[in-house]
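Everything on this sheet refers to the single structure shown next.
Any value given below was found using the heavy atoms of this structure, including those in side chains, with hydrogens, waters and symmetry copies removed.
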Amino acid sequence: MCKQLLHHSIKTRRASNRRRVFCCGNSALVFSPMSKEKTGQPAVSQLDMRAHISHFGGALGYAKWCRKNSLKFLAGKTPEEIAAEQKLWAQENTRRSTQYVRSPEKLIEDICFGRISWRGVESLDWRRLARAVALTPSDTPSRESLLELLLKIRKVSPRFLVESAVFGVREFPCAVAICSLHERRNQWLRKPEDWVPPPDIWEARVFSPADKWRRELGSLIRHLMVDHPVPLFMDQAWLRTGKNAESFRELYLHVGSGKDIGSARLPVQLTPAMADHIMLVPGDCMIESALLWGQIHGLGGDRGLAEAVIGSRSGMILSHNDFWLSVYSFLIVHPDFDRRKIGSLMDFLWARKFARRRGYDNEGRRIIIPPPQPDLAMTDLSPEVLSLQIDAWLRETGPKWDYFSPAQPKSGFSGLEIQQGTSTWRIVELLSPAELRDEALRMNHQLIFAPDIRAKRQSYSFWSLRRETPFGTQRRQTIMVSQRGEILVALGRGGYPPKASDFSILQIWSERAGLDIEPLY
């Protein structure tokens, strides 16, 4: 019996060496391994081969491309063969991009029918459109209908397909909204070819490109989907992806049908007073922030409190709403609480009541550590005690080495202040230890406290790019400038690079302050 099992194991191992399966997406490549003796060079690893195939849109796209160029359809290729394929692919992309510059309609057609992967689109603007199309159903009738819609919209507004709309601090590609509207084409009330963008007479009211494209997006959505007025901030529902996207779209259609927002299915509960305040929220607000705005005003809070809460951690969180309502009531009952600490208050409460951490037990096994105070209630706290606890928590969790360091000397460069509609962009220099520490905590990166930068702190100056809106101040970028006037680093929240809107402000600042922005790239 043991000899039979051993013989079966050897045969199975030999068979597995002769034939392997490479999976990528929903397709699989079955290939025979190329040995080192046959090729004279070892084959690339499976991970490198997977990365190579991803440039062609998956295994199926790679198979078509190999068949088109009369190449061997084997996954175990040598580095020389991979390099030759990548060179050929780059040459094809160059020829294709030249053709697409002359005929963008051809690019849209190839994107819809899968002839080009979104990774193969060189232009970042068109790549966002390709990425949005790639997430839609891939059957031929749907893609033909989507192509027809895209071409009609391009004929009316040529730049609309590749532009973005700004809500809050986020930019959303307008192409996502077009794909979302196409999925609901059976609910259209009018034909897309009858849509006319807002007339040029209103251009005097547009203070930035973001306002223009947000306005055109709202005009298209209302033309296709609704007959009754809908608040402008709800247009964002068609740009969202994720678990709440469909519920937000249903909310839009509910209000657009003439019904009261209070009778809709929402992730939070609203009283009639809260529902009335939501309808007055400014148009560039995030949906989650608008719901919190209505709740705070419905409870009796003022605009300053609402702006402070929306700019904090809970400004985009709708879970545990009963507890956060008690927090808002606490702040309304105690108006003497320092509102500059509201952001830290939200972070502190989240860390004590909801935040879970990963750790190890006494035997070295990984476990989930529950929050320290899961039963925390606002009725057990007073403003004075809460303020002391927040200060102690910040000293414990924040960077400690620069907490008592001397202030930075002024760099001599001037800041910036620009007015765009209801928004004001400011670039301010960070000098005191408290400002530097607060910037690092709120932006969630350690640029200011990095060891190599900390050792030469006096050689750099640090700046904060901020956008002031009716909902409060939004920190957009942390900027590091050398003594010679070079903008060396610009990091957003979480360490992300600057977006197009932020970079345009940096360019204006570099021209006015005499700075060099080239080292940034």
Report summary line: Between the CG atom in Leu465 and the OG1 atom in Thr478, the distance rounded to the nearest 0.5 Å is 9.0 Å

Query raised in the report: Going by atom types alone, do Arg249 and Ser180 pair a side-chain donor with an acceptor below 3.5 Å?
Result: yes

Requested in this report: Find the distance between OG (Ser510) and CD1 (Ile479) and round it off to the nearest 0.5 Å.
Outcome: 10.5 Å

Query raised in the report: Does the side chain of Phe113 reach to within under 4.5 Å of the side chain of Leu147, using non-hydrogen atoms?
Result: yes

Query raised in the report: Distance from Ile178 atom CD1 to Leu146 atom CG, nearest 0.5 Å?
Result: 8.5 Å

Requested in this report: Count the heavy atoms of every other residue, nucleotide or ligand shown that sit under 6.0 Å from CD of Gln269, and state whether that count exceeds 12.
Outcome: no

Query raised in the report: CG/Leu345 to CZ/Phe348 distance, rounded to the nearest 0.5 angstrom?
Result: 8.0 Å

Query - For Glu511, all residues meeting side chain to side chain contact (heavy atoms under 4.5 Å, CB included), sequence neighbours excluded - result: none

Report summary line: Heavy-atom nearest pair, Leu299 first then Ser329, reads CD1-OG, 3.9 Å

Query raised in the report: Heavy atoms, side chains only, cut-off 4.5 Å: are Val268 and Leu325 in contact?
Result: no

Report task. Please check if any side-chain donor atom of Ser145 sits under 3.5 Å from a side-chain acceptor atom of His182, or the reverse. Result -> yes

Query raised in the report: Charged N to carboxylate O below 4.0 Å: is that the case for Glu288 and Arg240?
Result: yes

Requested in this report: Sequence neighbours left out, what passes salt bridge (Lys or Arg N to Asp or Glu O under 4.0 Å) with Arg143? Give chain and number order.
Outcome: none

Requested in this report: Dump the intermediate steps for salt bridge (Lys or Arg N to Asp or Glu O under 4.0 Å) on Glu250 and Arg265, then the final yes or no.
Outcome: CA-CA 9 Å; Glu250 291 293 340; Arg265 297 182 60 183; over 6 Å; no

Query raised in the report: Can Asp139 and Ser142 be said to form a side chain to side chain donor-acceptor pair (under 3.5 Å), step by step?
Result: CA-CA 6 Å; Asp139 58 289; Ser142 296; 2.8 Å; yes

Report task. With sequence neighbours excluded, tell me which residues meet salt bridge (Lys or Arg N to Asp or Glu O under 4.0 Å) with Asp260. Result -> none

Query raised in the report: Is the number of heavy atoms from other residues, nucleotides or ligands under 6.0 Å of Lys152 NZ greater than 12?
Result: yes

Query raised in the report: What residues, two or more places apart in sequence or in another chain, satisfy salt bridge (Lys or Arg N to Asp or Glu O under 4.0 Å) together with Asp302?
Result: Arg339

Query raised in the report: Should Leu189 and Met225 count as side-chain neighbours, where that means a heavy-atom distance under 4.5 Å?
Result: no

Requested in this report: Test salt bridge (Lys or Arg N to Asp or Glu O under 4.0 Å) on Asp502 and Arg467 and set out the steps.
Outcome: CA-CA 10 Å; Asp502 300 335; Arg467 181 188 178 204; over 6 Å; no

Report summary line: Shortest non-hydrogen pair, Trp195 vs Glu216, comes out as CZ2-O, 3.6 Å

Query raised in the report: Would you call Trp463 and Val481 a side-chain contact if the rule is heavy atoms closer than 4.5 Å?
Result: yes

Query - Donor-acceptor under 3.5 Å (Arg214 side chain, Asp235 main chain) - result: no

Query raised in the report: Relative to the ring of Trp350, is the ring of Trp324 parallel (under 30°), tilted (30 to 60°) or perpendicular (over 60°)?
Result: parallel

Query - Atom pair CG/CD of Leu491 and Glu439 - distance to nearest 0.5 Å - result: 10.5 Å

Requested in this report: Check for a donor-acceptor pair, side chain of Arg356 on one end and backbone N or O of Pro370 on the other, with a separation under 3.5 Å.
Outcome: no

Query - Contacts of Pro231 that satisfy side chain to side chain contact (heavy atoms under 4.5 Å, CB included) - sequence neighbours left out - result: Phe233, Met234, Val255, Met279

Query raised in the report: Is the closest side-chain heavy-atom distance between Glu105 and Leu151 below 4.5 Å?
Result: yes

Requested in this report: For the residue pair Thr424 and Arg466, confirm or rule out a side-chain donor-acceptor distance under 3.5 Å.
Outcome: no

Query raised in the report: Distance from Ile82 atom CD1 to Thr78 atom OG1, nearest 0.5 Å?
Result: 7.5 Å

Report task. Return each pair, listed once, that meets ring pair (Phe, Tyr, Trp, His ring centres under 6.0 Å) where at least one residue sits in residues 235-288; pairs must be two or more places apart or across chains. Result -> Trp238-Tyr252, His277-His297

